[in-house]
Amino acid sequence: MVKERRIDLSKYRFERAKEEIDASKELLSLGYVNASASRSYYSVFYTLLAVTSLDGFESSKHSGIISYFNRYYVKTKIFDGSISEIIRNSFEKRTNADYGDFYKVSNVEAESQIGRAEKIIEIIQPYLESRWAELEKE
């Protein structure tokens, strides 16, 4: 994939991450707690996609994106290891919310899920902005 396309895709995916967190908050305010928890996870997921798309990496599975991110960004210490725990918790909560029969996310859990997504955005945004600027200069 050409560099300009990777940058545009990364920026698009990061904007999508921010839209998902906004949707999550709105869903929670309307009482759609499980849907809110799911959208929060998708905010995390799109943030990871914004990073991995800069490398031209794609995967049809969420676990593939998470694994790639952990291998190339956490193990190499670009991001602190604690980010992996945030991602894992978010993924587990989304899986339970979307697929768990009779599983009901509490308001407190949904708020925590939103907090995790916001933390991921806060951690990764400076990296993305720096990489975009760097790549645009090349």
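Residue numbers count from 1 along this sequence.
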**Student:** Restricting to salt bridge (Lys or Arg N to Asp or Glu O under 4.0 Å), what partner residues turn up for Lys18, sequence neighbours left out?
**Tutor:** Glu15
**Student:** What pairs with Tyr12 under side-chain contact (heavy atoms from CB on, under 4.5 Å), at least two apart in sequence or on another chain?
**Tutor:** Arg16
**Student:** When rounded to the nearest 0.5 angstrom, what distance separates OG in Ser53 from CZ in Arg5?
**Tutor:** 9.0 Å
**Student:** Checking Arg6 now: which residues fulfil salt bridge (Lys or Arg N to Asp or Glu O under 4.0 Å) with it, not counting sequence neighbours?
**Tutor:** none
**Student:** Using the side-chain contact (heavy atoms from CB on, under 4.5 Å) criterion, which residues pair with Ala110? Sequence neighbours excluded.
**Tutor:** Leu28, Val33, Ser36, Val105
**Student:** Would you please name every residue forming a salt bridge (Lys or Arg N to Asp or Glu O under 4.0 Å) with Glu138, sequence neighbours left out?
**Tutor:** none
**Student:** Decide yes or no for Lys104 and Asn96: does some side-chain heavy atom of the first lie under 4.5 Å from some side-chain heavy atom of the second?
**Tutor:** no
**Student:** Is there any salt bridge (Lys or Arg N to Asp or Glu O under 4.0 Å) pair reaching into residues 24-41, and which pairs are they, with sequence neighbours excluded?
**Tutor:** Glu20-Arg39, Lys25-Glu118
**Student:** Determine whether Phe69 and Phe79 make a side-chain contact, defined as any pair of heavy atoms from C-beta on separated by less than 4.5 Å.
**Tutor:** yes
**Student:** As an exercise, state the distance from CD1 of Ile21 to CD1 of Ile121, rounded to the nearest 0.5 Å.
**Tutor:** 5.5 Å
**Student:** Applying salt bridge (Lys or Arg N to Asp or Glu O under 4.0 Å), can you list everything that pairs with Lys75, at least two apart in sequence or on another chain?
**Tutor:** none
**Student:** Is any side-chain heavy atom of Leu54 less than 4.5 Å from a side-chain heavy atom of Trp132?
**Tutor:** yes
**Student:** Does any non-hydrogen side-chain atom of Ile120 lie less than 4.5 Å from one of Ser43?
**Tutor:** no
**Student:** Mind checking whether Ile123 and Thr47 have side chains closer than 4.5 Å, heavy atoms only?
**Tutor:** no
**Student:** How far does CD of Glu111 sit from OG of Ser40, to the nearest 0.5 angstrom?
**Tutor:** 10.5 Å
**Student:** Got a second to check how far Ile83's CD1 is from Asn70's CG, nearest 0.5 Å?
**Tutor:** 8.5 Å
**Student:** Please tell me if the side chains of Phe57 and Ile65 come closer than 4.5 Å, counting only heavy atoms from C-beta onward.
**Tutor:** yes
**Student:** Under the salt bridge (Lys or Arg N to Asp or Glu O under 4.0 Å) definition, can you give me all pairs with a residue in residues 83-101, not counting sequence neighbours?
**Tutor:** Glu85-Arg88, Arg88-Glu92, Lys93-Glu109, Arg94-Asp98
**Student:** Spell out, as yes or no, whether a donor-acceptor pair under 3.5 Å connects the side chain of Ser112 to the backbone of Val108.
**Tutor:** yes
**Student:** Can any side-chain N or O of Ser38 pair as donor or acceptor with the backbone N or O of Asn34 at less than 3.5 Å?
**Tutor:** no
**Student:** Same cluster or not: Phe45 versus Leu27, using hydrophobic residues (I, L, V, M, F, W, Y) connected whenever any side-chain heavy atoms lie under 4.5 Å apart?
**Tutor:** no
**Student:** Partners of Glu136 by side-chain contact (heavy atoms from CB on, under 4.5 Å), sequence neighbours excluded?
**Tutor:** Ile7, Lys11
**Student:** Any salt bridge (Lys or Arg N to Asp or Glu O under 4.0 Å) involving residues 59-74? Give me the pairs, sequence neighbours left out, ordered by first then second residue.
**Tutor:** none
**Student:** Would you mind listing every ring pair (Phe, Tyr, Trp, His ring centres under 6.0 Å) that reaches into residues 80-120, with sequence neighbours excluded?
**Tutor:** Tyr41-Phe91
**Student:** Would Glu58 and Leu9 count as a side chain to side chain contact (heavy atoms under 4.5 Å, CB included) if you check the C-alpha gap in whole Å, the side-chain angles of each, and the deciding distance to 0.1 Å?
**Tutor:** CA-CA 11 Å; Glu58 298 291 328; Leu9 183 58; 3.8 Å; yes
**Student:** Side-chain contact test, heavy atoms from C-beta onward, threshold under 4.5 Å: evaluate it for Glu19 versus Phe14 and give yes or no.
**Tutor:** no
**Student:** Looking only at atom types and distance, does a side-chain atom of Lys3 sit under 3.5 Å from a main-chain N or O of Leu135, one as donor and one as acceptor?
**Tutor:** yes
**Student:** Hey, mind stepping through Val44 and Ile86 against side chain to side chain contact (heavy atoms under 4.5 Å, CB included) and telling me if it holds?
**Tutor:** CA-CA 9 Å; Val44 170; Ile86 297 169; 5.7 Å; no
**Student:** Name all residues meeting the side-chain hydrogen bond (donor to acceptor under 3.5 Å, both in side chains) criterion together with Tyr73; count only those two or more places apart in sequence or in a different chain, and write none if there are none.
**Tutor:** Asp55
